Amino acid sequence: MRASFKLDEIDCANCARELQDKLAALDGVEAASVNFITQKLTLEAADDAFDEVLERAIALIARVEPDCRVIR
């Protein structure tokens with residue numbers, strides 16, 4: 001499954017790249033893209049595990065970028 005989400009308060013392009021790299025390495029993530037300009041996260045994971053992977057991704061984002069939040 002692939003879905004896109006709005007990111008609120010991602011600070012800079014370097015932060016977006018770091019976040020993208022960490023999300024891509026997260027267990028269960030097949031692909032991750034963070035676009036600083038559009039403030040968008042695109043996440044891809046297996047259909048049956050997507051919700052669990054999304055929750056782990058949201059938790060990771062909160063740790064790496066405390067001011068950033070995912071808008072579903």
Side-chain angles (χ1 to χ4, degrees):
M1 173 179 219
R2 182 181 191 165
S4 295
F5 305 92
K6 177 82 172 135
L7 292 175
D8 188 36
E9 297 294 326
I10 188 112
D11 295 332
C12 67
N14 285 333
C15 297
R17 183 190 48 76
E18 178 186 358
L19 191 56
Q20 178 176 291
D21 292 346
K22 290 183 179 196
L23 286 167
L26 193 64
D27 190 40
V29 172
E30 295 173 0
S33 173
V34 177
N35 186 310
F36 171 68
I37 299 297
T38 61
Q39 302 277 296
K40 186 169 102 173
L41 162 67
T42 302
L43 187 66
E44 190 172 338
D47 289 349
D48 60 341
F50 189 84
D51 291 337
E52 179 184 332
V53 171
L54 176 60
E55 290 305 316
R56 286 199 314 262
I58 291 170
L60 176 79
I61 291 167
R63 283 192 310 275
V64 174
E65 286 292 319
D67 294 334
C68 181
R69 65 186 185 101
V70 177
I71 300 172
R72 297 191 217 190

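This structure is a prediction, so every number in the text was calculated from the model and none was measured.
The two atoms that bring I58 and R72 nearest to each other are CD1-NH2, 3.2 Å, heavy atoms only. Here the closest non-hydrogen pair linking A16 and I10 is CA-CD1, 4.0 Å.
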Distance-only donor-acceptor hits, side chain of residues 26-36, under 3.5 Å, sequence neighbours excluded:
from	atom 1	to	atom 2	distance (Å)
E30	OE2	A46	N	3.3
N35	OD1	I37	N	2.9
N35	OD1	T38	N	2.9
N35	OD1	T38	OG1	3.3

Acceptor/donor pairs from residues 61-68 side chains to any protein atom, 3.5 angstrom cut, sequence neighbours excluded:
none

- Message: Under the criterion side-chain contact (heavy atoms from CB on, under 4.5 Å), I'd like the reasoning laid out for L19 against L41: C-alpha separation, chi angles, the key distance, then a yes or no.
- Response: CA-CA 10 Å; L19 191 56; L41 162 67; over 6 Å; no
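Side-chain atoms of I71 and L7, non-hydrogen and from C-beta on, never get closer than 4.5 Å to each other.
Between the CZ atom in F50 and the CD atom in E55 there is a gap of 10.0 Å [rounded to 0.5 Å].
Under the rule for a side-chain contact (heavy atoms from CB on, under 4.5 Å), the partners of D47 that lie at least two apart in sequence or sit in another chain are M1.
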